[in-house]
Amino acid sequence: MSTKLTESIMSEIKREYIESALSRGERIDGRGMDEFREIKIEKGIIPRAEGSAMVTLGNTKVLAGIKVEPGEPFPDTPDRGVMTTNAELVPVASPTFEPGPPGEDAVELARVVDRGIRESGMIDLGALVVEPGEKVWIVFIDLYILDYDGNLFDASSLAAVAALTDTVVPAERWDLGEDFKLPVTKLPVSTTFVKIGKNILLDPSRDEEAIAQARITVTTTEGGMINAVQKGLSGTFTMDEVRKVINKSIVIGEQVRERYLR
Amino acid sequence: MSTKLTESIMSEIKREYIESALSRGERIDGRGMDEFREIKIEKGIIPRAEGSAMVTLGNTKVLAGIKVEPGEPFPDTPDRGVMTTNAELVPVASPTFEPGPPGEDAVELARVVDRGIRESGMIDLGALVVEPGEKVWIVFIDLYILDYDGNLFDASSLAAVAALTDTVVPAERWDLGEDFKLPVTKLPVSTTFVKIGKNILLDPSRDEEAIAQARITVTTTEGGMINAVQKGLSGTFTMDEVRKVINKSIVIGEQVRERYLR
Amino acid sequence: MSTKLTESIMSEIKREYIESALSRGERIDGRGMDEFREIKIEKGIIPRAEGSAMVTLGNTKVLAGIKVEPGEPFPDTPDRGVMTTNAELVPVASPTFEPGPPGEDAVELARVVDRGIRESGMIDLGALVVEPGEKVWIVFIDLYILDYDGNLFDASSLAAVAALTDTVVPAERWDLGEDFKLPVTKLPVSTTFVKIGKNILLDPSRDEEAIAQARITVTTTEGGMINAVQKGLSGTFTMDEVRKVINKSIVIGEQVRERYLR
Amino acid sequence: MENKDIKLINEDGTRIDGRRPDELRPIRMKVGLLERADGSAYLEWGGNKILAAVYGPREMYPKHQQDPARAVVRARYSMAPFSVDERKRPGPDRRSVELSMVISNALSAAVLTEEFPRTVIDVFIEVLQADAGTRIAGLTAASLALADAGIPMRDLVVGCTAGKIEGVVVLDLNKEEDNYGEADVPLGILPRTGEIVLFQMDGMMTEEELCTALDMAYNAAMEIHRMQVKALKDVYMKEAEEGGE
Amino acid sequence: MENKDIKLINEDGTRIDGRRPDELRPIRMKVGLLERADGSAYLEWGGNKILAAVYGPREMYPKHQQDPARAVVRARYSMAPFSVDERKRPGPDRRSVELSMVISNALSAAVLTEEFPRTVIDVFIEVLQADAGTRIAGLTAASLALADAGIPMRDLVVGCTAGKIEGVVVLDLNKEEDNYGEADVPLGILPRTGEIVLFQMDGMMTEEELCTALDMAYNAAMEIHRMQVKALKDVYMKEAEEGGE
Amino acid sequence: MENKDIKLINEDGTRIDGRRPDELRPIRMKVGLLERADGSAYLEWGGNKILAAVYGPREMYPKHQQDPARAVVRARYSMAPFSVDERKRPGPDRRSVELSMVISNALSAAVLTEEFPRTVIDVFIEVLQADAGTRIAGLTAASLALADAGIPMRDLVVGCTAGKIEGVVVLDLNKEEDNYGEADVPLGILPRTGEIVLFQMDGMMTEEELCTALDMAYNAAMEIHRMQVKALKDVYMKEAEEGGE
């Protein structure tokens with residue numbers, strides 16, 4: 001178990017290093033408190049998928065692939081298409097990710113990304129009906145986490161949104177008319193902060209996440225609308241902290257939308 | 001593991017205490033050998049279910065909820081509704097019950113309760129047909145064990161039967177005509193005995209079950225008909241003991257039916 | 001763990017014994033390098049199945065049972081019946097086989113047997129159509145390994161092929177016309193070799209398998225056609241060895257076909 | 001258990017397969033036919049074809065299921081996919097979970113489990129063809145396999161099923177009788193003492209009918225026990241002969 | 001969250017169940033009603049009927065999930081099959097996996113976990129009838145059950161949901177409001193310090209609306225906390241009385 | 001493998017994608033692109049896009065799967081849901097279980113497993129886009145990832161597929177050829193000795209055709225091996241340069 005010992009010592013050293021930097025108002029990679037790491041979005045890298053995007057956020061890499069297939073609507077929404085989001089913490093991405101069905105972290109990730117997209121009305125589900133009550137288009141969003149270096153929420157959300165804007169509904173393959181671009185009306189952006197001591201940091205790296213007490217993700221859309229919030233971890237926020245985070249999320253979300261998604 | 005040790009010593013002490021009382025012809029809670037603990041039945045406590053009943057048997061608590069939904073009949077019985085019984089040993093009920101799919105104890109419990117109800121013909125399945133071969137009513141009996149203090153068989157059976165007598169088929173919700181009371185023709189009652197040494201005791205408490213060698217459950221209906229028997233545990237009964245238990249079950253079952261279910 | 005120790009010593013002793021015999025050009029049971037153990041095939045031993053065969057290969061016993069039922073064709077082959085192969089390493093067969101869903105050994109076994117039968121065109125799937133695109137006959141091949149003493153591939157393949165030649169499609173039971181013999185056009189035979197040191201041995205016993213470095217199975221049909229190959233284990237073959245094995249498989253396969261399957 | 005148009009009892013009182021009400025189907029037993037198992041038995045009973053194998057006593061795994069005072073007898077009842085008219089999907093269903101449990105209990109009553117603390121004795125029962133009464137046939141075969149494995153027991157276990165068809169109490173239901181009859185009473189006993197180790201019933205019977213069924217099954221079990229003893233004698237005499245050659 | 005033909009706000013500003021925008025549904029709490037659990041609580045909140053039970057601290061199994069520095073608080077949120085209109089299949093779905101996680105986190109913030117290293121405190125939340133707001137109702141009940149079990153905590157946990165229906169921010173959504181409303185904001189707090197331990201939101205809200213909703217839920221949580229304290233007092237006074245008899 | 005109306009070989013002997021019978025599709029390899037993995041490689045081969053990552057040697061868990069004499073090489077082949085035309089449900093199916101096994105065996109032949117007893121070397125192969133020949137492409141990428149992780153090997157592993165379409169033996173089937181062709185022969189070798197570590201075949205071939213296919217795949221594998229070596233050189237030269245800066 002000497003490895004575990006080493007790990008534990010290393011993590012203690014990292015903690016002190018991060019905290020001492022924060023006490024001087026600095027992050028160890030030199031970023032400001034409200035600054036994202038470098039963001040890179042490559043769309044269309046999986047041509048066989050109906051839409052795809054690889055997002056690199058610092059060293060974190062998430063590949064989103066979209067498949068669109070005909071299927072049955074839900075009984076209570078016969079006149080709307082269906083969207084569903086799945087996240088796989090692929091074991092290539094981290095020594096701690098194990099093969100197998102999604103664990104609670106993957107479930108939370110998928111559900112938070114899903115909520116932001118769904119509640120924003122990003123996809124015009126009403127335009128994805130082939131025959132009301134019988135056949136609609138089902139949009140499968142699959143998130144493949146390939147390299148884990150912190151902040152999977154924002155990287156995954158960006159990847160999903162970018163991939164959706166890249167998506168063409170393959171109607172011809174199913175003899176259901178001509179292919180058409182997936183009707184997209186909004187561009188939701190999620191921003192995730194963690195709290196370390198008294199500090200609240202945007203876009204935590206893996207080392208920062210490892211020592212964070214609390215996490216919060218806020219997903220916003222055009223016009224300053226908020227569509228999803230998820231507080232994570234077992235630490236707490238004050239009401240004041242929460243209000244500031246919400247406000248920052250709207251501002252920063254708009255910047256990300258302008259710079260990377262328009 | 002000191003807890004385990006304590007448990008083991010405690011259980012040895014309990015065994016001696018119970019056995020010494022039995023050697024004097026007594027049970028530790030003062031009951032007669034063929035006497036049930038206090039029975040309380042509250043019907044209708046889950047209004048959102050189609051029928052429900054909470055049964056308290058001593059400290060044992062079982063909640064039965066009934067849902068009735070339209071579905072397909074079995075291919076070999078196109079002109080009959082369907083009933084199905086499921087039991088969950090909910091982990092609130094005991095430190096030894098674990099979350100997860102039903103284990104062998106829960107499966108046995110559900111199947112024994114199911115057999116008593118099914119074989120008695122309690123539910124008139126022939127009256128639960130919407131369209132023969134196409135659509136019938138499916139009666140879901142869900143047993144939720146909330147507090148385990150022995151004799152789940154009789155408590156669950158009572159709860160299921162009471163809940164069924166409380167059940168209204170929600171035809172209106174499914175646009176299938178008017179709501180109607182679930183057609184119930186019989187009132188099966190199960191009686192469970194355990195054998196400790198030479199003694200045979202009705203309605204074992206948890207402590208009695210813990211030291212019992214053998215168990216037997218007999219379900220009877222109106223007119224002295226026997227519908228189900230299940231011998232449990234790895235101890236044995238003599239043929240004579242079995243005959244006596246069968247006879248007692250008919251008599252006591254009729255008393256329970258009169259007093260609690262009519 | 002003294003059992004494990006004993007096992008390990010025993011297996012070392014067996015290894016030396018087998019290798020020293022091989023160094024003299026002999027197998028410990030006296031067989032030639034290209035010689036099968038005694039083969040016994042009993043067809044029709046499970047009359048309730050649509051076809052069945054028990055194969056005894058030395059001490060290895062495999063029971064194949066065939067069920068044939070109407071079902072839907074695959075969307076991309078609307079005018080063909082369906083075949084599917086499943087293997088169960090039933091725990092009666094070996095102290096190391098455990099109950100539960102098929103592990104990787106059982107999956108490999110089923111898939112290799114399946115490929116030989118499927119690719120040879122043994123079953124005339126085009127003749128198993130009731131209504132194109134709607135209803136076809138599904139042929140279920142179930143392999144039940146009952147006693148494991150080496151070379152499950154060849155024993156299972158023989159059992160499956162023999163059982164298929166024994167199969168009658170039960171059309172009357174499903175009101176789909178008259179019963180008819182399953183249309184069988186080819187008789188694929190698999191031959192499995194292992195490599196121990198420089199030696200390549202046909203039909204390995206369990207003790208030989210235990211010390212083999214590499215395994216290869218070649219399935220051939222009438223006219224010297226090859227339908228399936230599977231190299232197994234982590235050892236290697238030279239290209240020359242592989243060519244010799246392929247050639248032998250054709251010759252020996254034809255002998256087995258003539259002697260046991262015609 | 002629904003009575004269709006099928007007539008289960010003929011006018012002369014015989015059953016659809018020609019048996020009298022108290023007549024057993026043909027039974028054949030064979031002990032020790034598997035190479036790898038510590039003990040094994042094969043049993044044909046009417047159309048039932050059942051294989052039982054025993055492994056153990058062996059170390060119980062996972063450890064927390066060990067019993068420090070005795071061996072755990074763990075029977076697993078399983079039906080082959082091709083054993084019934086409509087293919088059965090592999091893997092345990094709720095019925096086989098329950099039957100595995102009652103068979104485990106019944107065998108535990110016979111095995112001298114206290115001789116092998118912390119171990120497990122695995123009993124695998126494979127129904128290769130099913131024709132009603134499989135649990136009792138499996139129990140009877142399992143008990144032979146335990147004997148073949150040399151597991152110390154205070155007695156063999158043996159059983160029989162009785163039931164009720166068209167109002168008549170009869171012995172050893174076959175498949176049609178089981179499907180369309182009115183009640184089914186599987187019984188397992190220790191023949192030496194007559195103790196009951198397995199007893200289930202479902203259907204609709206009066207007290208008198210049930211007691212008649214119990215007696216009928218009990219007496220038949222005693223008869224089947226004689227076949228068990230003979231099957232064991234055969235195999236040991238054969239072994240002795242072979243040993244003497 | 002789709003607005004159908006249903007009208008959720010009446011002309012006089014009241015809601016379909018007659019409540020004002022900032023009015024809670026009726027809440028009833030009962031502590032310590034289960035015999036076996038180390039602690040338990042039952043809560044009715046509108047149509048919600050929720051049972052919470054606590055076991056522990058007890059040894060964490062499997063061992064590799066132990067935390068050498070503290071207890072793990074492991075909440076499991078589960079809905080009874082009959083708790084909703086269409087029968088729910090037993091077993092966890094993705095929603096209950098997520099809710100179990102956020103509730104575990106919220107309770108961990110309150111429990112003095114460092115006092116019981118290497119152990120687990122199991123909290124089971126059973127939704128017997130569901131009527132919107134079950135996660136917060138479950139959290140509130142769970143915190144009572146922890147107190148009943150005598151688990152040391154730096155505070156109770158309590159919460160409330162706010163939301164938005166037909167453009168109006170309202171407190172404590174009921175089922176119809178949850179189904180057809182525009183946003184849902186569950187909030188959990190530690191009442192002594194006002195710290196936020198659970199906060200989720202989904203729907204469509206402006207910053208101002210969300211802040212209003214947070215304030216509304218916060219204030220209501222403080223009110224519900226007073227009910228918690230009363231429920232705990234009731235049970236301990238009753239115990240004291242009984243102890244004195 | 002059914003021949004539909006599609007014509008796979010043109011009149012001039014070229015294939016539907018314009019290749020000659022013995023011509024490979026374009027191949028690109030990149031080593032060491034993942035941050036967290038101990039070793040990684042990315043490979044594009046025709047339309048295949050495949051990522052391989054290696055973790056280990058690390059302690060084998062569960063312990064009873066440890067080999068006291070050597071490391072276990074445990075490859076896991078997996079296809080992304082969006083890698084194929086119809087979405088693939090996540091999780092292993094029978095095909096991926098088999099491929100994981102044959103790839104594990106092939107890699108084990110190259111790794112000096114005896115140097116790391118009781119450990120596991122995990123190799124994860126993710127098919128991000130599939131276009132026939134994924135198992136061999138995955139094997140080839142995995143071997144690069146092992147080298148990148150610094151795992152001692154007696155050789156790289158490399159492979160190629162040959163097959164038969166419309167009666168002609170050809171190299172490196174693409175998706176249409178795989179779907180409508182007559183046979184498929186994936187081959188994996190150790191290039192230094194020419195030993196065969198992976199060999200499967202399905203379809204219908206004469207002995208002569210199969211031997212031709214083997215030779216063709218073997219020669220192509222040698223060519224691909226040169227690309228592997230170049231890709232590794234590139235990364236280490238780049239590292240050396242960076243190290244020297």
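Computed from a predicted structure; not experimentally measured.
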When the 4.5 angstrom heavy-atom criterion is applied to D:Ser40 and chain C, the contacting part is neither
query = Within a radius of less than 6.0 Å around CD of D:Glu114, do more than 12 heavy atoms belonging to other residues, nucleotides or ligands occur?
reply = yes
Flag the pair D:Arg87 / C:Asn86 as yes when at least one side-chain heavy-atom distance between them is below 4.5 Å, and no otherwise. yes
Okay, D:Val123 and chain C: the region with an atom under 4.5 Å from a heavy atom over there is neither
Smallest heavy-atom separation, D:Tyr55 atom then C:Ala93 atom, equals OH-C, 3.4 Å
ring-ring contact (aromatic ring centres under 6.0 Å, His included) filter on D:Tyr61, not counting sequence neighbours, yields F:His64
* Does any N or O in the side chain of D:Arg36 come within less than 3.5 Å of the main-chain N or O of C:Leu146, such that one atom is a donor and the other an acceptor? -> no
Are the side chains of D:Pro81 and C:Lys67 in touch, meaning some heavy atoms are under 4.5 Å apart?
no
Bottom line for D:Asp131: the part with an atom under 4.5 Å from chain C's heavy atoms is both
Scanning both residues in full, the closest heavy-atom pair of D:Lys49 with C:Pro47 reads CE-CD, 3.8 Å
Applying a strict 4.5 Å limit to non-hydrogen atoms, the region of C:Pro170 in contact with chain D is neither
Ranking D:Ala37, D:Ala80, D:Gly91, D:Ser78 by heavy-atom pairs under 4.5 Å to chain C gives rank one to D:Ala80
Flag, side chain of C:Tyr144 to backbone of D:Phe82, donor-acceptor distance under 3.5 Å = no
- Query: How about C:Lys181: does its NZ atom have over 12 heavy atoms from other parts shown lying under 6.0 Å from it?
  - Reply: yes
Whatever's closer than 4.5 Å to a heavy atom in chain C on D:Ile125 counts as neither
Quiz prompt | Side chain to side chain, C:Pro91 and D:Arg76, heavy atoms closer than 4.5 Å | solution = yes
Between the CE atom in C:Met54 and the CG atom in D:Leu128, the distance rounded to the nearest 0.5 Å is 7.0 Å
Taken to the nearest 0.5 Å, the spacing of D:Asp85 CG from C:Glu50 CD works out to 8.0 Å
Value for CG (C:Asp149) from CG (D:Leu34), rounded to nearest 0.5 Å, stands at 12.0 Å
Open item on the list: Counting neighbours of CD on C:Glu72 that are heavy atoms of other residues, nucleotides or ligands and sit closer than 6.0 Å, is the number greater than 12?
Closed with: no
Bottom line for D:Lys175: the part with an atom under 4.5 Å from chain C's heavy atoms is side chain
- request: Check whether any side-chain heavy atom of C:Lys61 lies under 4.5 Å from a side-chain heavy atom of D:Glu35, and answer yes or no.
  value: no
Exercise. Under 6.0 Å from the CZ atom of D:Arg28, do we count more than 12 heavy atoms belonging to anything else shown?
Worked result: no
Within 6.0 Å of OH in C:Tyr17, more than 12 heavy atoms from elsewhere:
no
When the 4.5 angstrom heavy-atom criterion is applied to C:Pro101 and chain D, the contacting part is neither
Note: vs chain C, highest number of non-hydrogen pairs under 4.5 angstrom among D:Pro90, D:Ala52, D:Gly56 is D:Pro90
Between D:Glu126 and C:Val90 the two heavy atoms that sit nearest each other are OE2-CG1, 2.9 Å
Note: vs chain D, highest number of non-hydrogen pairs under 4.5 angstrom among C:Ile45, C:Ile66, C:Ile46 is C:Ile46
